[in-house]
Trainee: 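Sharing a structure here in structure tokens format.
Just so you know, ligand 1 is whichever comes first in the structure, and atom 1 is the first atom listed for that ligand.
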Amino acid sequence: MSRVLVLNCGSSSVKFALIETSSADSVASGLVENLGADAHLKANGPKGKVNEKISGKDHGEALESVVSFLQNQGVLEQGLVAVGHRVVHGGERFSGSVLITPQVLDAVRACNDLAPLHNPANLKGIEVASRVFPEVPQVAVFDTAFHQTIPAHAFLYPLPQSLYRERGIRRYGFHGTSHRFVSAKAAEMLGKPVADLCLITAHLGNGCSACAVLQGKSVDTTMGLTPMEGIPMGTRSGTIDPGIFRYLHDSLGWDFKRIDQLLNKESGLLGLSGLSNDMRTLAEARAQGHEGATLAIDVFCYRLAKEIAALAIALPRIDALVFTGGIGENSFLVRELTLAHLAVFGFQLDISRNGAHGRESKGIITRAETPTAMVVPTNEELLIALDSEQII
Ligand code: AMP
């Protein structure tokens, strides 16, 4: 039996899952939220659930609570072979997962400027986990690594090249673990080797990105230097005219901090709807005729379709369009509206397959004999666990 503890440390949260790699089962999972303020542990294990206030001043205390939860559940003693860490930015240094060494830590630190909210928290998680589990190997799995196969003509911005050479300003892409997992899974469900397939994967959750996957390799994606580029998201705008920055500055006197807050936290589904960043809430409000929710979903699906269509040029053909993430897996409405905009590719939705989220049709939601669109549930924790096991 081998188990991997998967950790995803954010600035004020620690998510975890203990994965049994042979069966791909999650033995226990949960999260600590609101670190530093009113910290709570919400977790689930074989002996039941907990939802309790903890003294979570920092990542160290949070991880200690997670460890004592896992000990109380009696799941930690048996065969913990590795701790797998989700690390957001690996820059151009990492094109795959790696065993964490002091050199790897230095290289991750060197990417902090590119992901100032995420990488320092990921590093903190590694430091604390190495202290709590000194005998257990630690592995880093990067969000950016899968996209390191994107060619220069797709990753360069049309800016002076010195900004790329001297400052690393280029498109990196994110959600790589999810795009890699669902492209392999889609191939399995289609009964074909991934090396024979041309796929577009759309990860639609709170953050949204799509990826062109040629023979199992990312050849273009919608996110860029930061996770703000591309498809509109819960609270992020996605791609907009860069001229808007200057206009906001000149006409409203906004500085870059205010503009960053607008584009990261107040835009996307929330900004458009004036109601919520949550697709479930918006779909319900739309059904009751809420104008903002209706418009937000319309803009979201149109722009998503446009990004998917743009990615198609990176591929010789599309064997399947794959929907995943909380919205991609659950919103029949978003899939229906998006595919309607993609009629140029010949997609013809099967209403009943789509309504059942493809569960009775091997993921497929389009009519037989028409181009394939499908739903494939993502499982980033499992891929992090499998990578970690393989590396050690
Ligand atoms: P994730 O970040 O992958 O957990 O996805 C979160 C997003 O998925 C939120 O916008 C949720 O509203 C959305 N979501 C989850 N379940 C549903 C559902 N049944 N219908 C529509 N959207 C959903």
Side-chain angles (χ1 to χ4, degrees), residues 6 8-17 26 29-33 42-44 86 88 117-118 143 174-183 185 201-211 221-223 227-228 230-238 264-288 290 292-301 303-304 322-339 349 351 353-359 363 365 373-384:
V6 176
N8 179 358
C9 292
S11 52
S12 66
S13 68
V14 173
K15 288 192 192 133
F16 71 94
S26 170
S29 63
L31 83 164
V32 177
E33 311 177 284
K42 293 182 188 162
N44 211 339
R86 175 188 181 216
V88 166
L117 297 179
H118 294 100
D143 258 30
F174 299 87
H175 291 145
T177 318
S178 181
H179 292 299
R180 180 157 66 101
F181 181 86
V182 296
S183 46
K185 193 82 191 164
T201 51
H203 176 104
L204 311 174
N206 277 320
C208 298
S209 73
C211 181
T221 190
T222 55
M223 283 179 169
M228 285 172 70
I231 304 161
M233 312 179 204
T235 59
R236 296 185 197 130
S237 63
N264 252 314
K265 303 273 187 224
E266 300 167 12
S267 298
L269 294 172
L270 175 66
L272 277 165
S273 68
L275 179 68
S276 172
N277 63 333
D278 193 294
M279 187 57 85
R280 244 172 317 202
T281 309
L282 295 180
E284 281 162 23
R286 180 187 172 106
Q288 284 156 20
H290 189 285
T294 305
L295 215 53
I297 295 176
D298 285 346
V299 173
F300 178 83
C301 295
R303 285 194 168 239
L304 167 60
V322 178
F323 289 94
T324 194
I327 298 173
E329 291 167 32
N330 296 300
S331 176
F332 57 85
L333 175 67
V334 165
R335 294 191 302 259
E336 180 177 341
L337 296 176
T338 306
L339 285 180
L349 191 78
I351 305 252
R353 286 174 165 188
N354 188 43
H357 308 293
R359 280 183 203 126
I365 55 167
M374 60 196 295
V375 177
V376 179
T378 194
N379 192 340
E380 293 168 84
E381 289 83 11
L382 176 60
L383 192 57
I384 293 174

Trainee: Quick test: of every protein heavy atom, which one is nearest to atom 19 (N) of ligand 1, and how far off is it to 0.1 Å?
Mentor: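 Atom 19 (N) of ligand 1 sits closest to the protein heavy atom N330 CB, 3.3 Å.
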Trainee: Check whether any side-chain heavy atom of T201 lies under 4.5 Å from a side-chain heavy atom of T324, and answer yes or no.
Mentor: no
Trainee: Do me a favour and list the nearest non-hydrogen protein atom to atom 3 (O) of ligand 1 with residue, atom name and distance?
Mentor: G326 N, 2.9 Å
Trainee: Who are the side chain to side chain contact (heavy atoms under 4.5 Å, CB included) partners of T235, not counting sequence neighbours?
Mentor: L270, N277
Trainee: Between H203 and G325, what is the shortest heavy-atom contact and its length?
Mentor: CE1-CA, 4.3 Å
Trainee: Is there at least one pair of N or O atoms, one from I327 and one from ligand 1, spaced under 3.5 Å apart?
Mentor: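 Yes, I327 has an N/O under 3.5 Å of an N/O on ligand 1.
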Trainee: What is the closest protein heavy atom to atom 12 (O) of ligand 1, and at what distance does it sit?
Mentor: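 Looking at atom 12 (O) of ligand 1, the protein heavy atom closest to it is D278 OD1, 2.4 Å.
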Trainee: Does the side chain of R86 reach to within under 4.5 Å of the side chain of D143, using non-hydrogen atoms?
Mentor: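 The answer is yes; the side chains approach within 4.5 Å.
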Trainee: With sequence neighbours excluded, tell me which residues meet side chain to side chain contact (heavy atoms under 4.5 Å, CB included) with C208.
Mentor: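 With sequence neighbours excluded, C208 shows a side chain to side chain contact (heavy atoms under 4.5 Å, CB included) to L204, I231, M233, F300, given in chain and number order.
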Trainee: Which atom pair, heavy atoms only, marks the closest approach of V334 to M279?
Mentor: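 Closest heavy-atom pair between V334 and M279: CG2-CE, 3.6 Å.
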Trainee: Does N206, backbone or side chain, put an N or O under 3.5 Å from an N or O of ligand 1?
Mentor: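 The answer is yes, given that N206 and ligand 1 share an N or O pair closer than 3.5 Å.
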Trainee: Just to confirm, does any protein heavy atom lie below 4.0 Å from atom 10 (O) of ligand 1?
Mentor: yes
Trainee: Taking distance alone, with no angle check, do M279 and ligand 1 share an N/O pair under 3.5 Å?
Mentor: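 Min N/O separation from ligand 1 is below 3.5 Å for M279.
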